[in-house]
Amino acid sequence: MLKSLMVAKAKEELEQEVLDKEDEKQKYLAEKAPPLQTSGMSFSDLQELCQELHAKIDVVDEERYDIESKVMHNTREIKDLNIKVLDLRGKFKRPTLRRVRVSADAILRSLLGSKHKVSMDLRANLKSVKKEDTEKEKTVEVSDWRKNVEAMSGMEGRKKMFDAAQ
């Protein structure tokens with residue numbers, strides 16, 4: 001329903017536009033080429049009128065030719081530029097964007113400019129771990145491995161392992 005109303009309205013507007021153009025054309029022609037009054041003119045006057053009309057036609061024809069050649073030149077130029085644009089689009093690939101690591105200080109400096117004086121050192125706020133504590137836990141008594149193997153070999157070693165497990 002709505003589509004048919006829109007189509008009908010568009011059709012009416014199109015018809016009105018065609019009528020307006022026709023009226024405008026008639027007004028222009030009436031202004032530029034008034035109707036000729038040839039009745040009661042002598043033969044020499046008619047010849048003179050024809051010569052004037054031919055001169056005007058020649059001037060208008062030259063203008064039309066000049067305008068036509070300019071239009072042709074411009075359309076050719078537009079086509080060439082469109083072809084160049086299409087060629088350029090095809091030649092270059094857009095590069096893949098890469099992540100860039102920027103420190104917090106650099107971000108603040110770029111946003112605030114020279115006003116930025118406080119440095120945000122995020123690492124300073126982290127909890128520190130002492131190396132001495134971790135080294136003490138890792139140190140295990142190192143002994144001669146050969147003694148351990150000899151002690152565990154045979155039935156006595158298995159008995160010791162069984163007793164240690166209970």
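- Remark: the Asp45 side chain and the Ser42 side chain contain an N/O donor-acceptor pair separated by less than 3.5 Å.
- Taking CG from Asn74 and CD from Glu77, the interatomic distance works out to 6.0 Å, rounded to the nearest 0.5 Å.
- Between Leu19 and Glu15, the closest side-chain pair of non-hydrogen atoms is not below 4.5 Å.
- One distance of note links CG of Leu49 with CD of Gln37; it measures 11.0 Å at 0.5 Å rounding.
- Atom NZ of Lys56 sits about 10.5 Å away from atom NZ of Lys32, to the nearest 0.5 Å.
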Handout entry: Asp61 vs Arg64, side-chain contact (heavy atoms from CB on, under 4.5 Å): CA-CA, chis, key distance, verdict
Key = CA-CA 5 Å; Asp61 225 12; Arg64 181 187 57 80; 2.9 Å; yes

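- For the residue pair Glu22/Gln26, the side-chain donor-acceptor check at 3.5 Å is satisfied.
- Considering CG of Leu14 and NZ of Lys9, their distance stands at 12.5 Å, rounded to 0.5 Å.
- In terms of heavy atoms, Thr75 sits closest to Met72 at OG1-O, 2.7 Å.
- No side-chain heavy atom of Lys27 sits under 4.5 Å from any side-chain heavy atom of Glu31.
- If you take OG1 on Thr96 and CZ on Arg98, they are separated by 6.0 Å, rounding to the nearest 0.5 Å.
- Cys50 SG to Leu36 CG: the interatomic distance, rounded to the nearest 0.5 Å, is 9.0 Å.
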